[in-house]
Amino acid sequence: MPVLPADAGHNVRAWQRRTAPACSDGPVAPGPRVAVLASFTADPLVPHLGTPLHDAGTHPELFMAPFNQIAQECLRDDSATARFRPDALVVCARPEDRPAVASGKREADAGDPRTLEPLAATALDAARRWGALLVWALPPLPYEPSRGVGDCGDPRGAMARAVASREAVRARLAVDPDACVVDLEDTVRAVGVRHARHPALFRLARVPFTEDVFFRFGGELARVLLARNGQGCHGVLADLDGLVLDPAAPFAGDSAAELASALDELPAGRRLAYRTGHPVAEARRALATLAPALARLPAEWIAEGRTAVEDLARFAGARGVTTSTIAVLSGPPATETDTAAAAPHRLVVCDGSADQVRLGLLDAGAFDTVPPVTAYPGGTPPAAEGNDTATRSDGADATPGDDYAAFLRGLGVSAELAEPTGPDLSAEADVAARAHDFTLALSHSPERFASVGDGGRLLLSAHVRDRYGDYGTSAVIGVRAAGAVWHVELFSLSCVVMGKGVEDLLLRSLVERAAERGATELAFHYRDTGRNHPAVGFLRAAARHHRAHKGRDVCVTSVEHTAATAGGHHEDGGGTDD
């Protein structure tokens, strides 16, 4: 099995070390800037994508876009993803993530797979505008596809529609020079459906997969990106001493023939070399006797007593590539421990099983080929001909900004802001506790603003719906009134409704309430955590102008909560300082 990565835990620990403030691995080659857009919480992917890219000798920069905002990020050239200027745009979209799961639908019932086709076109348009490579992750098939024998045989059934959608997107992107595809169904099948799902974590944090899935998925993404950038596997160096020639070598007789069969499956152009510490003539005679099938394979010989590390450097140098791009095949233990340091993530140590050789070489990328790039003539992909759902999502004359506005209008979002009517504030407390991206990040609970008989405090919550479903209580706002100024000290928005214009609807509604009650200023107090930039950016933009309601202006301001302001802006309300 490959020495590294051995498991998901290794990647997590390695990434923690590499991203620690005091870590310094010395100069490394500039790495790709990779942005990940997903319809689910994909943060667990970071170490499993970053570690293999780092092991390949690069220094990747990873950006995780806001949760479930693929279209919003792609349609706007001022979005966080656009400002990141990615070299590669990774998109992971599951159709079942589109509507609100809380609406009572089962996961397999939710969503229409056909919505992925225009979404793929939107992502491809964005990748072209930004000069990035689109890497589209085909979603896994539904976990619960069957609704009985009738559904199984129905061409319009759940599984049939999912398969048709996947193949339409695959056909659309496979012929495009600016895109390539990975398949999450392969990953889920490798892990096993029962061990791939994480229903409890999905309900809690919208993370649908177990760590094993993210581990394998990150490795697949890294290999695709490396292959497209010329950093994939460029050859296989087989250590004959450790595999066949030494007395304790694991392959002999029939097992050597199986090893030859595994190596013969390497793709055309993948160079194979044998290394040995024995003289070439002597090693050739011994190999012809012990493993004639290996002797017949077309392979370069590297011998005459050099060390394994020197032979690896020679083989890589002759091809003008780094040693990290060469897969090294050795018996247990590795001939020299330094070999692992020279090619850490492509060292395959085998104990006599040809299947182990195949799996090890597969994980080392020895069977990888560069994703095909077939430019289509005239700019029209064959998959789009006669297919209305696969056309460009933006019209020929539409600008990204106009298209984003049309996207918001098409959602049909409604956000009803109202004061809670009963003492149960569990829904509001849940929104305030879970919000990390859109929050003021001040340590206030909804109960603080719901004090009975305190006219200076106001608690509001919003029920959000759109054409995909009902999201329930998805926003909570806490206000402390001080004369003509309303201090907004709690404003949290659920991640499932971010990017849909809900924050603008709520701000307009809040301005109306403030104006009707004689307030002339809305002052938003916030703390910049680094993660709540969606909220910080929105508040800074909103503070640039006045909002009018029935002829009365309400000035919108934002105040960053720092050590200098920590003790001042709560005194009128009688509350505790943050």
Side-chain angles (χ1 to χ4, degrees), residues 1-8 10 48 52 55-56 182-192 195 212-213 215-224 226-227 232-246 248-275 287 290-300 308 312 315 324-335 339-340 343-371:
M1 293 294 289
V3 170
L4 194 139
D7 54 47
H10 165 83
H48 306 304
D55 286 343
V182 295
D183 197 340
L184 257 170
E185 174 62 21
D186 286 348
T187 303
V188 169
R189 190 170 64 248
V191 174
H195 299 288
D212 280 345
V213 172
F215 167 54
R216 292 175 179 271
F217 182 38
E220 291 291 315
L221 288 173
R223 281 159 58 175
V224 166
L226 292 171
C233 182
H234 287 287
V236 176
L237 180 65
D239 181 8
L240 291 183
D241 293 345
L243 294 169
V244 180
L245 300 181
D246 289 351
F251 290 96
D254 292 341
S255 63
E258 293 177 2
L259 173 61
S261 175
L263 292 175
D264 195 37
E265 296 172 8
L266 292 172
R270 186 65 30 87
R271 296 300 301 270
L272 172 65
Y274 294 152
R275 65 86 40 200
L287 188 63
L290 298 171
L294 281 172
R296 288 193 294 268
L297 291 180
E300 175 184 343
L312 174 61
F315 182 49
S324 65
T325 65
I326 305 299
V328 179
L329 191 62
S330 179
T335 304
T339 307
H345 63 300
R346 298 190 195 270
L347 177 62
V348 183
V349 181
C350 304
D351 61 6
S353 166
D355 287 339
Q356 187 186 42
V357 171
R358 289 185 176 89
L359 290 174
L361 290 176
L362 179 66
D363 284 348
F367 295 110
D368 289 352
T369 55
V370 176

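Heavy atoms only: backbone and side chains are in, while hydrogens, waters and symmetry mates are out. Counting from 1, the numbers follow the sequence of the chain as shown.
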Which atom of [X] lies closest to which atom of [Y], heavy atoms considered:
X: S324; Y: R346; value: O-NE, 2.6 Å
X: G218; Y: P52; value: O-CG, 4.3 Å
X: H234; Y: R270; value: C-CD, 4.1 Å
X: A364; Y: A327; value: CB-CB, 4.2 Å
X: V244; Y: A291; value: CG1-CB, 4.1 Å
X: L272; Y: A238; value: CD1-CB, 4.5 Å

Could you go step by step and tell me if R358 and S261 meet the side chain to side chain donor-acceptor pair (under 3.5 Å) rule? CA-CA 10 Å; R358 289 185 176 89; S261 175; 3.3 Å; yes
Quick one: pull up [atom1] in [X] and [atom2] in [Y] and give me the separation to the nearest 0.5 Å.
X: S353; Y: L359; atom1: OG; atom2: CG; value: 8.0 Å
X: L259; Y: L263; atom1: CG; atom2: CG; value: 4.5 Å
X: R223; Y: L362; atom1: CZ; atom2: CG; value: 5.5 Å
X: E220; Y: D368; atom1: CD; atom2: CG; value: 7.5 Å
X: F251; Y: L294; atom1: CZ; atom2: CG; value: 9.0 Å
X: L290; Y: L243; atom1: CG; atom2: CG; value: 12.5 Å

When you measure from the side chain of R271 to the backbone N and O of G235, does any donor-acceptor pair fall under 3.5 Å? no
With side chains defined as the heavy atoms from C-beta onward, is the minimum distance between R216 and V191 less than 4.5 Å? yes
Heavy-atom side-chain proximity of V348 to V357 below 4.5 angstrom: no
Determine, stepwise, if the pair V213 / L184 fulfils side chain to side chain contact (heavy atoms under 4.5 Å, CB included). CA-CA 9 Å; V213 172; L184 257 170; 4.2 Å; yes
